[in-house]
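All values derive from a computational prediction rather than experimental measurement. Heavy-atom basis, side chains included; hydrogens, waters and symmetry copies ignored. Each chain gets a letter, A, B and so on, in the order the sequences are listed, and its residues count up from 1.
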Amino acid sequence: MPELPEVETIARTLRPALLGAEISEAEIRWARTIAHPSLGEFQERIRGQSIQEVDRRGKFLSVRLSDGYLFIHLRMSGDLVLQEASSPPGKHERLRWRLRRAQAGPAEGQALVFSDPRKFGRVWLTEDPAQVVGDLGPEPLSEAFTVAWLYEQLRRHRRLLKPLLLDQTFLAGLGNIYTDEALYLARLHPATPSHTVTREQAERLHAAIQTVLQEGIRSNGASIDWVYRGGEFQNHFRVYGRTGQPCPTCGALVVKLRLGQRGTHFCSTCQPLREYAD
DNA sequence: AGCATTACCCGCACGC
DNA sequence: TGCGTGCGGGTAATGC
């Protein structure tokens, strides 16, 4: 369920309990969860490492360890929660890290549990972050993401806006929900060819991307389908998942089409394919 | 050659 | 019961 705001929320929630804790053991229940290195090496190398930092890069949760980095990608249905180390494994539990502290602290007797019904989520352990996140585009909430950069990049590519914004090597962190929401706020049709975007449109898109991501973070992310994690941004969707319901701006019905294999929601009145000067 | 696009795939749960 | 759908992205094939 995680896009940038959801992963950000998870990182913020877990950070206090994880910082300073030591990973005493990794218990792997679904082997393919480990993307790198091999199973045995993963278990061997993570044992005894302490957690120095809990952060996010794009949709990856990044955990800096005393020796290396742990990257976790939740893909479609993954979730991370702290549980009692002695708790029985849930139906979809894939990986469990037992935690330990030198002195009694928030993580005492706890375990970090990765559950994932669809088994798409993956975990990496590496000394070189670039090996995992090296190809990601800029962070949309960082200073590197400027109107000038976005405008230039949109003009240089020749792709439809929606698939381009979903491309993590273009920009890191946007997923299907926030892309639809951002294009709506920017009043841009999802199938607009990127190189036809004007400077003014790029300005709107830049602002819209930052707005929807900040809204999502402020709402602690979105909880949709059968995965509920406390976020409530799903109650503020303007177009995503609102096919056939009125557009909040003009009242026309939200329509849905398929773009780049993804369901795409928008208002054909507010987001015309071409913008006519009048 | 080098992009970009498309199709397909991967487990599972859910709604209709 | 069966079928379509999906908060993601990797790969392979195809198109420009």
Side-chain angles (χ1 to χ4, degrees), chain A residues 1-11 29-36 56-61 71-80 90-95 114-124 131-137 140 153-183 190-196 209 212-213 215-217 219-244 256-265:
Chain A
M1 108 173 229
E3 298 181 31
L4 187 155
E6 288 75 32
V7 180
E8 177 98 11
T9 301
I10 290 173
R29 310 187 69 84
W30 178 253
R32 280 153 63 182
T33 302
I34 310 300
H36 179 88
R56 176 194 63 71
R57 175 74 175 98
K59 302 176 192 173
F60 291 82
L61 188 81
F71 287 101
I72 303 172
H73 199 305
L74 274 33
R75 293 280 180 92
M76 295 285 269
S77 60
D79 199 9
L80 280 170
K91 183 178 179 187
H92 302 303
E93 179 171 328
R94 307 302 174 202
L95 186 48
F114 172 50
S115 61
D116 183 16
R118 293 180 69 177
K119 301 176 178 169
F120 291 165
R122 295 291 181 267
V123 167
W124 294 255
Q131 199 177 26
V132 181
V133 295
D135 288 336
L136 291 182
Q153 295 300 314
L154 291 175
R155 308 275 325 185
R156 101 138 78 159
H157 287 81
R158 299 183 143 255
R159 299 178 64 181
L160 307 187
L161 281 184
K162 167 97 187 233
L164 181 57
L165 292 174
L166 283 175
D167 185 339
Q168 301 298 297
T169 68
F170 180 74
L171 191 61
L174 285 180
N176 209 33
I177 293 174
Y178 293 91
T179 301
D180 281 2
E181 294 293 308
L183 287 168
T192 308
S194 63
H195 63 284
T196 69
I209 289 170
V212 297
L213 291 176
E215 284 178 349
I217 290 170
S219 299
N220 297 316
S223 303
I224 67 170
D225 288 352
W226 67 96
V227 185
Y228 180 74
R229 281 207 315 263
E232 51 112 14
F233 192 59
Q234 68 278 11
N235 301 321
H236 304 287
F237 291 163
R238 295 167 174 91
V239 286
Y240 184 84
R242 298 190 66 250
T243 311
K256 178 176 179 179
L257 56 77
R258 225 148 166 92
L259 224 44
Q261 327 298 112
R262 312 300 300 273
T264 299
H265 315 74

For a quick check, tell me whether the side chain of R118(A) and the base of dG8(C) share a donor-acceptor pair closer than 3.5 Å.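 Such a pair does not exist between side chain and base.
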Length of the [atom1]-[atom2] vector between [X] and [N], whole Å:
X	N	atom1	atom2	result
R29(A)	dG11(B)	CZ	P	18 Å
L74(A)	dG11(B)	CG	P	17 Å
L259(A)	dG8(C)	CG	C1'	16 Å
E3(A)	dG8(C)	CD	P	5 Å

Which label fits dG11(B), syn or anti, where anti is any glycosidic angle not within 90° of 0?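 Classified syn.
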Can you check whether [X] has a side-chain N or O nearer than 4.0 Å to OP1 or OP2 of [N]?
X	N	value
R158(A)	dA4(B)	no
R258(A)	dG6(C)	yes
H92(A)	dG11(B)	no
H73(A)	dG8(C)	no
K91(A)	dC12(B)	no
K119(A)	dC12(B)	yes
K256(A)	dT5(C)	no

Identity of whatever pairs with dT1(C) - Watson-Crick or G-U, under 3.5 angstrom: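 The answer is none; no pair meets the criterion.
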Give none if dC3(B) has no partner; otherwise give the nucleotide forming a Watson-Crick or G-U wobble pair with it, both distances under 3.5 Å.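 Base-paired to dG15(C).
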Is F120(A) stacked on the base of dG9(C), meaning ring centres closer than 5.5 Å and planes within 30 degrees of each other?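 The base of dG9(C) is not stacked with F120(A) (the test needs centres under 5.5 Å and planes under 30°).
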Mind checking whether F233(A) and Y240(A) have ring centres under 6.0 Å apart?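 For F233(A) and Y240(A), the ring centres are not under 6.0 Å apart.
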Over all strands shown, is Q261(A) touching base, sugar-phosphate only, or nothing at heavy-atom distances under 4.0 angstrom?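 Base contact.
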On a whole-Å scale, what distance lies between the P atoms belonging to dT1(C) and dG11(B)?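 That atom pair is separated by 24 Å.
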